[in-house]
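Contents: one structure, followed by commentary.
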Amino acid sequence: MGAVGLAVVEGARTRGASKIIAVDINSEKRIKGEAIGITDFINPKEIDIPVHQKIREMTDGGVHYSFECAGNADVLREAFLSTHDGWGLTVILGVHPSPRLLPLHPMELFDGRRIVASVFGDFKGKSQLPHFVKQYCMQGGIVKLDEFISHEMHFSRINEAFDLLLQGKSLRCLLHF
């Protein structure tokens with residue numbers, strides 16, 4: 001439920017998703033998620049079954065789309081297993097710093113689920129940015145970008161801004177010169 005995860009929530013909301021389930025180990029992020037559009041929240045530390053199992057119970061077999069935004073191979077596996085057999089799609093958005101390989105058995109792909117990766121949400125700045133700006137500014141604020149700025153500070157406080165980000169207390173900090 002960091003900035004990338006909330007961007008996924010915003011995208012799902014603007015596309016009309018009927019159920020948006022967020023997963024984070026920081027329960028404080030639930031409030032921000034609800035303000036943007038999540039319908040359900042799961043903290044893996046507060047349940048006694050694997051996340052994918054909980055999501056499959058909540059959705060009658062799994063979600064159509066899951067998004068891994070943390071850059072964590074274990075989270076990727078849970079996201080993949082949360083999708084519905086036959087048509088589920090997992091999108092990898094998180095940057096995976098470790099040299100670990102994908103935590104999937106090849107036979108799991110024969111259930112009809114798919115996995116892809118995306119850089120910058122496959123956003124095409126030159127052709128899509130004008131439409132995006134229009135959705136933000138001219139169509140009654142369909143896209144909620146202001147929700148992503150959690151703090152504003154003078155540039156001299158940049159170290160404090162980084163500390164807030166690293167502690168998970170900030171989404172994006174707008175620095176003023």
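Please read all numbers here as calculations on a predicted model, not as lab measurements. Counting begins at 1 with the first residue of the sequence.
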State whether the number of non-hydrogen atoms from other residues, nucleotides or ligands found under 6.0 Å of [X] atom [atom1] is greater than 12.
X	atom1	result
Glu28	CD	no
Leu174	CG	yes
Leu166	CG	yes
Lys54	NZ	no

Step-by-step side chain to side chain contact (heavy atoms under 4.5 Å, CB included) determination, Leu89 to Arg113: CA-CA 6 Å; Leu89 173 66; Arg113 293 178 290 203; over 6 Å; no

Step-by-step side chain to side chain contact (heavy atoms under 4.5 Å, CB included) determination, Ile36 to Ile20: CA-CA 10 Å; Ile36 293 200; Ile20 303 172; over 6 Å; no

At what distance, to the nearest 0.5 angstrom, does [atom1] of [X] lie from [atom2] of [Y]?
X	Y	atom1	atom2	result
His151	Leu165	NE2	CG	10.5 Å
Arg13	Leu6	CZ	CG	12.0 Å
Arg157	Leu164	CZ	CG	8.5 Å
Asn43	Asp24	CG	CG	7.5 Å
Ile21	Ile55	CD1	CD1	5.0 Å
Phe177	His154	CZ	NE2	9.0 Å

[X] side chain near [Y] side chain, heavy-atom distance below 4.5 Å:
X	Y	answer
Glu152	His176	yes
Asp85	Phe110	no
Leu104	Ile115	yes
Val23	Glu78	no

Steps toward side chain to side chain contact (heavy atoms under 4.5 Å, CB included) verdict (Ile42, Met58): CA-CA 11 Å; Ile42 298 171; Met58 295 169 64; 3.7 Å; yes

Parallel, tilted or perpendicular, as decided by the 30° and 60° cut-offs, for the rings of His64 and His84: tilted

Arg56 side chain to Gly62 backbone, donor-acceptor under 3.5 Å: no

For Lys19, the option from Thr59, Asp40, Thr39 that meets side-chain hydrogen bond (donor to acceptor under 3.5 Å, both in side chains): Asp40

Find out if a path of hydrophobic residues (ILVMFWY) with successive side-chain heavy-atom gaps under 4.5 Å connects [X] to [Y].
X	Y	answer
Ile49	Leu81	no
Trp87	Val63	no
Phe162	Phe155	yes

Matching residue for Phe41 among Glu46, Glu34, Met1 - test: side-chain contact (heavy atoms from CB on, under 4.5 Å): Met1

Could you list the donor-acceptor pairs under 3.5 angstrom formed between side-chain atoms of residues 65-75 and any protein atom two or more places apart in sequence or on another chain?
residue: Ser66; atom: OG; partner: Ala79; partner atom: O; Å: 2.8
residue: Ser66; atom: OG; partner: Thr90; partner atom: OG1; Å: 2.9
residue: Glu68; atom: OE1; partner: His96; partner atom: NE2; Å: 2.9
residue: Glu68; atom: OE2; partner: Ala70; partner atom: N; Å: 2.9
residue: Glu68; atom: OE2; partner: Gly71; partner atom: N; Å: 2.6
residue: Glu68; atom: OE2; partner: Asn72; partner atom: N; Å: 3.2
residue: Asn72; atom: OD1; partner: Asp74; partner atom: N; Å: 2.8
residue: Asn72; atom: OD1; partner: Val75; partner atom: N; Å: 3.1
residue: Asp74; atom: OD1; partner: Arg100; partner atom: NH2; Å: 3.3

Candidate pair Arg114 and Thr83, rule side chain to side chain contact (heavy atoms under 4.5 Å, CB included), full reasoning: CA-CA 9 Å; Arg114 297 171 294 138; Thr83 60; over 6 Å; no

salt_bridge(Glu108, Arg77) N-O dist < 4.0 Å: yes

